[in-house]
Amino acid sequence: MAKGKYQKWLEPEGLLLLEGWARDGLTDDEIAKKIGCSASTLYDWKSKYPEISEALKKGKEVVDYQVENALLTSALGGNTTAQIFWLKNRRPDRWRDRPERDRPESGGGVTIVDDIPDADKVD
């Protein structure tokens, strides 16, 4: 790796490319390959050069909002899987996988019967 290769990526054009690749959904590993360095080098650059880190964050943020909007649209359109996912992540206080009987704050409401007699037994 040539010394100072990172400098190209600190220029406005380089930062715009990084942001665009992140916006296109490329991972950091894929971006590192595109710029001709290892993933560990890119991680090092991200920690040393805030401009690089910010360009990648900015690009990823756009995609995250697009996915969030698509998920919301799908949930509002009646997709029950999207609705469940949305509620579990946005309202974990009210929508979770733990059954009510396992919640310490639960006042009851669910009765568990562990010992059900066999149907063919006669008392």
Side-chain angles (χ1 to χ4, degrees):
M1 172 85 31
K3 186 174 181 177
K5 187 170 184 179
Y6 66 89
Q7 291 174 339
K8 171 184 176 181
W9 303 105
L10 292 173
E11 299 294 324
E13 298 83 14
L15 293 170
L16 189 60
L17 271 174
L18 292 173
E19 182 181 331
W21 288 333
R23 188 176 40 249
D24 287 346
L26 272 64
T27 65
D28 285 353
D29 289 348
E30 292 168 328
I31 291 171
K33 286 179 186 172
K34 283 187 112 18
I35 64 178
C37 70
S38 68
S40 61
T41 297
L42 180 59
Y43 297 136
D44 187 44
W45 291 356
K46 285 170 56 175
S47 66
K48 286 183 182 176
Y49 308 105
E51 303 93 337
I52 291 175
S53 181
E54 287 303 312
L56 293 170
K57 283 181 188 175
K58 187 176 176 185
K60 290 175 184 178
E61 186 175 303
V62 170
V63 174
D64 289 344
Y65 280 122
Q66 289 173 337
V67 171
E68 185 177 319
N69 288 337
L71 175 63
L72 177 59
T73 299
S74 184
L76 294 175
N79 180 327
T80 54
T81 302
Q83 292 167 348
I84 292 166
F85 183 82
W86 184 273
L87 289 169
K88 283 184 177 182
N89 285 282
R90 297 282 299 217
R91 300 295 308 264
D93 57 317
R94 296 181 64 191
W95 297 89
R96 61 179 100 200
D97 284 330
R98 283 179 54 192
E100 187 171 328
R101 68 179 182 269
D102 291 342
R103 285 190 249 160
E105 70 276 7
S106 171
V110 175
T111 303
I112 305 298
V113 179
D114 291 326
D115 191 23
I116 299 174
D118 292 338
D120 54 8
K121 274 190 179 177
V122 178
D123 289 316

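As the structure is a computational prediction, the values presented were derived from the model and not from experiment.
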**Q.** Main-chain N/O of G36 paired with K5 side-chain donor or acceptor, under 3.5 Å
**A.** yes
Q | Shared-cluster residues of V63, by chain and number - hydrophobic side chains joined below 4.5 Å | A | V67
**Q.** Inter-residue atom distance L56.CG - K58.NZ, 0.5 Å rounding
**A.** 12.0 Å
Q. About how many Å separate NZ of K33 and CD1 of I31, when rounded to the nearest 0.5 Å?
A. 12.5 Å
Q) What heavy-atom pair brings C37 and L42 nearest, and what distance separates the two atoms? A) SG-N, 4.0 Å
Q. Do the non-hydrogen side-chain atoms of K60 and V62 ever get within less than 4.5 Å of each other?
A. no
Q. Closest approach of W9 and G14, non-hydrogen atoms and distance?
A. CE3-O, 3.6 Å
Q) Roughly how far, to the nearest 0.5 Å, is OG of S53 from CG of L15? A) 11.0 Å
Q: Locate the shortest heavy-atom distance separating L71 from A82; write the atom from each residue and the value.
A: CD1-CB, 3.5 Å
Q | Under-4.0 Å salt bridge between K34 and E30 | A | no
Q. Short question: side chain of N79, backbone of T81 - any donor-acceptor pair under 3.5 Å?
A. yes
Q) Which residue pairs satisfy the salt bridge (charged side-chain N to carboxylate O under 4.0 Å, His left out) criterion with at least one member in residues 44-56, sequence neighbours excluded? A) D28-K46, D44-K48, E54-K57
Q | Pairwise side-chain contact, N89 with W95, heavy-atom cut-off 4.5 Å (strictly under) | A | no
(Q) Could you work out, with ring pair (Phe, Tyr, Trp, His ring centres under 6.0 Å) as the rule, every residue matching W86, not counting sequence neighbours? (A) none
Q: Output the distance between atom CZ (R91) and atom CG (D93), rounded to the nearest 0.5 Å.
A: 5.0 Å
Q.
Side chains of Y43 and D29, heavy atoms from C-beta outward: is any pair under 4.5 Å?
A. yes
Q) Between atom OH of Y6 and atom OH of Y49, what is the distance when rounded to the nearest 0.5 Å? A) 3.5 Å
**Q.** Spatial distance of atom CZ (R23) from atom CD (E61) [nearest 0.5 Å]
**A.** 11.5 Å
